[in-house]
Amino acid sequence: MHLAGDTVGAGGDGLRLAGGTSSVSGLVLTRFEVGIFISGPGGNLVTGNYVGIAADGTTARGNSFGIVIDKSPDNVIGTSASPNAVSGNVQAGVTVNGAAATGTEIAGNRIGTNAAGTAAVPNLLGISLRDSAVGTRIGGTTDADGNVVSGNLSNGIEVSARVEGTVVSRNRIGTNAAGNAACRTTCRASPPSTPPRRPSKATSSPATGRPASGRTASRAPTPT
């Protein structure tokens, strides 16, 4: 199923998970402020989705942010058997925000590449851990658990001050999925939907707690 935000007003999100223990799989989410916004009691499982990338697994159709976990514990983003492709977004692919965002697992995903992990489809940055997020695991104990975090225009993984207990293991950062070739922004096959702008400061909105997007309310045009 493809959820497209082209006609949604400014600030509209593709999917909001606030009730906890939900499973989301097999969706394509494009052109929203946030593709998937997670808050509340947590325990959600998000697997096998395309977030910011079209159903062909190659063409950028960016949201402002891909997946945001805001003050919500024990969420799982991707598995080795069912990874997400979180690419082409104007800001971060995956954001984990706030001291209540504990025990997040991010595994097996393609973040900044096409679904095959063979060419770059950049986010501004790959994974951003912010505002005292605790105990995030990025990758796992096997190569299959690792994320491919490549092709992004800024940092692959960004861990801010006061973020504690982060484990980063068995990922491929800056290479293709096979690990046998570089996959930086110079190798990208599909440019982002608009030229991303680095935000002046990453801050949280007092009203929503979500990261400030640093972009105007106008939505990115459809690429020609």
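None of these values were measured; they are calculated from a predicted model.
Under a 3.5 Å cut-off, the side chain of N152 and the backbone N or O of L124 do not form any donor-acceptor pair. Between the side chain of N114 and the backbone N or O of G117, at least one donor-acceptor pair lies under 3.5 Å. Between the N171 side chain and the N147 main chain, a donor and an acceptor come within less than 3.5 Å of each other. A distance-only check finds a donor-acceptor pair linking the side chain of S160 to the backbone of L129 [under 3.5 Å]. Counting only distance, with no hydrogens or angles, the side chain of S150 and the backbone of T175 share a donor-acceptor pair below 3.5 Å. Using a distance-only test at 3.5 Å, with no hydrogens or angles considered, no donor-acceptor pair links the side chain of N97 to the main chain of D131. Looking only at distances, a side-chain donor or acceptor of S87 sits under 3.5 Å from a matching main-chain atom of G112.
Considering only heavy atoms from C-beta on, L45 stays 4.5 Å or farther from V24 through its side chain. Contact check for I38 versus I36: side-chain heavy atoms found under the 4.5 Å cut-off. Under the 4.5 Å side-chain criterion, counting only non-hydrogen atoms from C-beta, T58 is not in contact with I53.
V134 and V163 are not part of a single hydrophobic cluster, where members link through side-chain heavy atoms under 4.5 Å apart. Linking ILVMFWY residues whenever their side-chain heavy atoms come closer than 4.5 Å, directly or via other members, leaves V148 and V46 in distinct clusters. A continuous path of hydrophobic side-chain contacts links V94 to I173 [ILVMFWY only; heavy atoms under 4.5 Å]. Under the 4.5 Å side-chain heavy-atom criterion for Ile, Leu, Val, Met, Phe, Trp and Tyr, I69 and V76 are members of distinct hydrophobic clusters.
Among all heavy-atom pairs drawn from C183 and A119, the shortest one is SG-C, 3.8 Å. The nearest pair of heavy atoms linking D70 to F37 is CB-CZ, 3.7 Å. Across all non-hydrogen atoms, the minimal contact from N63 to F65 is CB-O, 3.2 Å. Contact between P41 and G19 at its shortest, heavy atoms only, is CG-O, 3.2 Å. Annotation for G40 and S72: closest pair O-OG, 3.1 Å, computed over non-hydrogen atoms. In terms of heavy-atom proximity, A177 sits nearest to A116 at CB-O, 3.8 Å.
Residues passing the side chain to side chain contact (heavy atoms under 4.5 Å, CB included) test with A54, sequence neighbours excluded: D56, T59, R61. Applying the side chain to side chain contact (heavy atoms under 4.5 Å, CB included) criterion to A144, with sequence neighbours excluded, gives S80, T142. Listed by chain and number, the residues in a side chain to side chain contact (heavy atoms under 4.5 Å, CB included) with A55 are V28 (sequence neighbours excluded). Qualifying salt bridge (Lys or Arg N to Asp or Glu O under 4.0 Å) partners for R170, counting only residues two or more places apart in sequence or in other chains: D143. For S169, the side chain to side chain contact (heavy atoms under 4.5 Å, CB included) partners at least two apart in sequence or on another chain are V167.
To the nearest 0.5 Å, the span separating CG on N123 from CG on L153 amounts to 8.0 Å. Distance OG1/T104 to CD1/I138: 9.5 Å, rounded to 0.5 Å. Remark: T102 OG1 to K71 NZ distance equals 13.5 Å, nearest 0.5 Å.
Remark: the S64 side chain and the Q91 side chain contain no N/O donor-acceptor pair separated by less than 3.5 Å.
The side-chain hydrogen bond (donor to acceptor under 3.5 Å, both in side chains) analysis of residues 39-55, with sequence neighbours excluded, yields the pairs N44-N75, N49-N84.
With I111 as the partner, the side-chain contact (heavy atoms from CB on, under 4.5 Å) test is satisfied by one option alone out of L125, I77, I127: I127.
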